[in-house]
S.K.: 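Structure below; questions to follow.
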Number of protein chains: 2
Amino acid sequence: MVTAGEQTQSQDSREEILKAAIRLFASRGFHETSMSEVAREAKVSKALIFWHFKTKEELFLAVLDKLLEPYVIDFAEESEKLDAREQIRKLVNGYVNFVRENGSSVSFFLRRFMSGEEMPESFTQQIRRLYDLYQALLTDRIRLAQEQGLCSRSTQPHVMANFVMAALNGLLINLLFMSQEPGNLDSALTMLYGLLFGQLSDPAADAGPPSN
Amino acid sequence: MVTAGEQTQSQDSREEILKAAIRLFASRGFHETSMSEVAREAKVSKALIFWHFKTKEELFLAVLDKLLEPYVIDFAEESEKLDAREQIRKLVNGYVNFVRENGSSVSFFLRRFMSGEEMPESFTQQIRRLYDLYQALLTDRIRLAQEQGLCSRSTQPHVMANFVMAALNGLLINLLFMSQEPGNLDSALTMLYGLLFGQLSDPAADAGPPSN
DNA sequence: CCCATCCCTAACCTGTCGGTCAATGATGAC
DNA sequence: GTCATCATTGACCGACAGGTTAGGGATGGG
C-alpha cells in the first residue's frame, strides 16, 4: 500500500528519468537528444521510459511542466506600502534575480521560443501571460511614479516599460550567453535607474501629491 | 571550356543546393533538416549534394559562409565629417537597418549562438569581431560626443555603449521574435536618443571644442 | 501457496538518417 | 568517331532513431 508522502519505486524512477531528461533537453535540445541517451543518463532501460511516458513528446511535455514550476511573479502585498520608485526597483531586481537563478531554464525556453519549434500553445501562452503581466505591473508603477513626480514625464509609461524590459532582456542575454562579467550588468542597471529616476530636468508642472 | 563569368551546369546546381539548404537550415535548423529534404527542395538527387559537398557538415559550412557575406560594417569615410551626434545616429540606424534587412540570417545565427551548438570557431570569432568592432566604434563616438558636450557625461562611454547595444538587442529581439509593431521600436529609439543626447542637465564643466 | 499487479529489462521491429557506389548521360578535345 | 572528364542518378548500406513486445522478478492480498 502506498501511503502519502512515501515514494514508490515507480515514482523514484520516474523522477530520475525526468531529471535526466531535463539535463539533456536543456543542454542539447529536443531533437538532438535520443531516448537511449536519456535512458543511459537516468541509468534505466529505454523501455522503462516508454512505460512512464507514452512517447518522446509526452516526456518533453513533462519536462516543460517541471521547468515551468518556478515561473511565478512574486510581488508581495507588502510592496504596496513602498514608494513607487522602490516598487519599480523591486520589480526590476526581481526580474534580474529570477533570470540569474533560473538561467538554464530561461535560456532553454528562450532558445525554443526563438527557434519557433512547436511548443504546445498552452506553454507559450503561459509564459507570454507572465511576461505581459510583468510588463503591465511595471507600466502601472511607472505611471504612479510619474504622477508622484518621482520619474521623468517625458515618455508615456507603456513606452518606458517596453524600453526598460527590452534593455533588461538585452543585458540578461549578455549575462547568460556572452558570459559578461556581472559587473557590467550592475553598472548598466545603474544607468537604467538613472534613466528612470535620474535628473528630473523637466519641471513638474502640477505639484505631485505629498509623499507619504 | 569555362570562361569567366559563365555558369557551368555544375555551378548552377551547386547554387540551387545552397539556396535550398539556406532556406531549410535557417527555418528548421541543422539537425532537423535531412539531406533528402534538401535534395527535394533543390530538385536534385541526394547523391548530387554529396558530389558537391563531401558531408552534411561541409554543406552547412558553405551555408554559413554564404549567410555571412553581408556582415560588414559600412561606416563610410564621409562619416568623419559629421558631427559626433550624427555619427552615433548613423551607427545606431545602421545596426537597426541591418537587422531589419537580414532578419532571417540574424535570427539564425542568434539561435545557433544561444544554443551553444558548435559552429566552427572561425565563424563565431568573425561575428564576435564585428560585434566588438561595432561596440568600439560606438564607444569612441560617445566619448567624442561627450567631449564636445553633445552627450551626457554622467556615465563612462564604454558603459554607455554597452547599455545602448543591450537595449538595441532587446528591442530588435522584440521585433524579430515577438513580432512587435515597428512603431514600438521607433518610439523606443526616440527614448534611446533622449537618453544619449537628451536633457543635458549636468553643466559642461570645461567648454567643449568649437564645433566645426 | 498462488495469483494478479506493478516495475523493469533484453531483444526486437521499422523507418529514416548520412553517406556510398556503379552506371550513365552530356560535353568538348583530338 | 572516340575517348576522358564532368555532372548526375537510382539503388543501396550500416547505424541509429523512436517505439514495441514478451517475459521475468518483486510484492502483497486471499
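Reminder, nothing fancy here: chain letters follow the sequence lines and each chain counts from 1.
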S.K.: Whole angstroms only, please: what is the CG-P distance between B:D12 and C:dT27?
M.R.: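 Answer to the nearest Å: 13 Å.
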S.K.: In terms of side-chain geometry, is the basic nitrogen of A:D132 or A:R129 positioned less than 4.0 Å from the acidic oxygen of its partner?
M.R.: no
S.K.: Given side chains that start at C-beta, do those of A:L61 and A:F53 come closer than 4.5 Å, heavy atoms only?
M.R.: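 The answer is no; the side chains never approach within 4.5 Å.
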S.K.: Rounded to whole angstroms, how far apart are CZ on A:F60 and P on D:dG18?
M.R.: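 Going from CZ in A:F60 over to P in D:dG18 covers 13 Å.
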S.K.: At less than 4.0 Å, is any side-chain N or O atom of A:S45 found next to OP1 or OP2 of C:dA10? Yes or no.
M.R.: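 Looking at the OP1 and OP2 atoms of C:dA10, neither is under 4.0 Å from any side-chain N or O of A:S45.
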S.K.: So do B:L68 and B:I127 actually touch side chain to side chain, heavy atoms under 4.5 Å?
M.R.: yes
S.K.: Between D:dA17, C:dT9, D:dT8, which nucleotide gets closest to the side-chain atoms of A:V44?
M.R.: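 The listed nucleotide nearest to A:V44's side chain is C:dT9.
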S.K.: Between the base of D:dG10 and the side chain of B:K46, is one N or O donor paired with an acceptor at under 3.5 angstrom?
M.R.: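 Answer no: no donor N or O sits under 3.5 Å from an acceptor.
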S.K.: Let me know the distance between CZ of B:F50 and C1' of D:dT8, rounded to the nearest Å.
M.R.: 15 Å
S.K.: Going by modelled atom types, is there a donor-acceptor pair between the base of D:dG19 and the side chain of A:K54 at under 3.5 Å?
M.R.: no
S.K.: Of the nucleotides C:dT9, C:dC17, D:dG18, which one has an atom closest to the side chain of B:S36?
M.R.: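 Among C:dT9, C:dC17, D:dG18, the one nearest the side chain of B:S36 is C:dC17.
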S.K.: What is the distance, rounded to the nearest whole Å, between atom CE of A:M35 and atom P of C:dC12?
M.R.: 21 Å
S.K.: Of the options C:dG18, D:dG18, C:dT9, whose atoms approach the side-chain atoms of A:A47 most closely?
M.R.: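 That would be C:dT9.
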S.K.: When the distance from NE2 of A:H52 to P of C:dT9 is rounded to whole Å, what number comes out?
M.R.: 9 Å
S.K.: Return a table of donor-acceptor pairs under 3.5 angstrom between the side chains of residues 183-195 of chain B and protein atoms on other chains or two or more places apart.
M.R.:
from: B:N184; atom 1: ND2; to: B:Q180; atom 2: OE1; distance (Å): 3.2
from: B:S187; atom 1: OG; to: B:G183; atom 2: O; distance (Å): 3.3
from: B:S187; atom 1: OG; to: B:N184; atom 2: O; distance (Å): 3.1
from: B:T190; atom 1: OG1; to: B:D186; atom 2: O; distance (Å): 3.0
from: B:Y193; atom 1: OH; to: B:N93; atom 2: OD1; distance (Å): 3.3

S.K.: Measure from CG on B:L48 to C1' on C:dA26 and round the result to the nearest Å.
M.R.: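 Spelled out: CG on B:L48 to C1' on C:dA26 is 14 Å.
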S.K.: Check the surroundings of atom CG in A:D74: do more than 12 heavy atoms from other residues, nucleotides or ligands lie under 6.0 Å from it?
M.R.: no
S.K.: Just to confirm, is there a sub-4.0 Å distance from OP1 or OP2 of C:dC7 to any side-chain nitrogen or oxygen of A:S13?
M.R.: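 For C:dC7, OP1/OP2 do not have a side-chain N/O of A:S13 under 4.0 Å.
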S.K.: Between D:dT8 atom P and B:E15 atom CD, what is the distance in whole Å?
M.R.: 13 Å
S.K.: For B:H31 and D:dA17, what is the distance between atoms NE2 and P respectively, to the nearest whole Å?
M.R.: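 So the two atoms are 12 Å apart, to the nearest Å.
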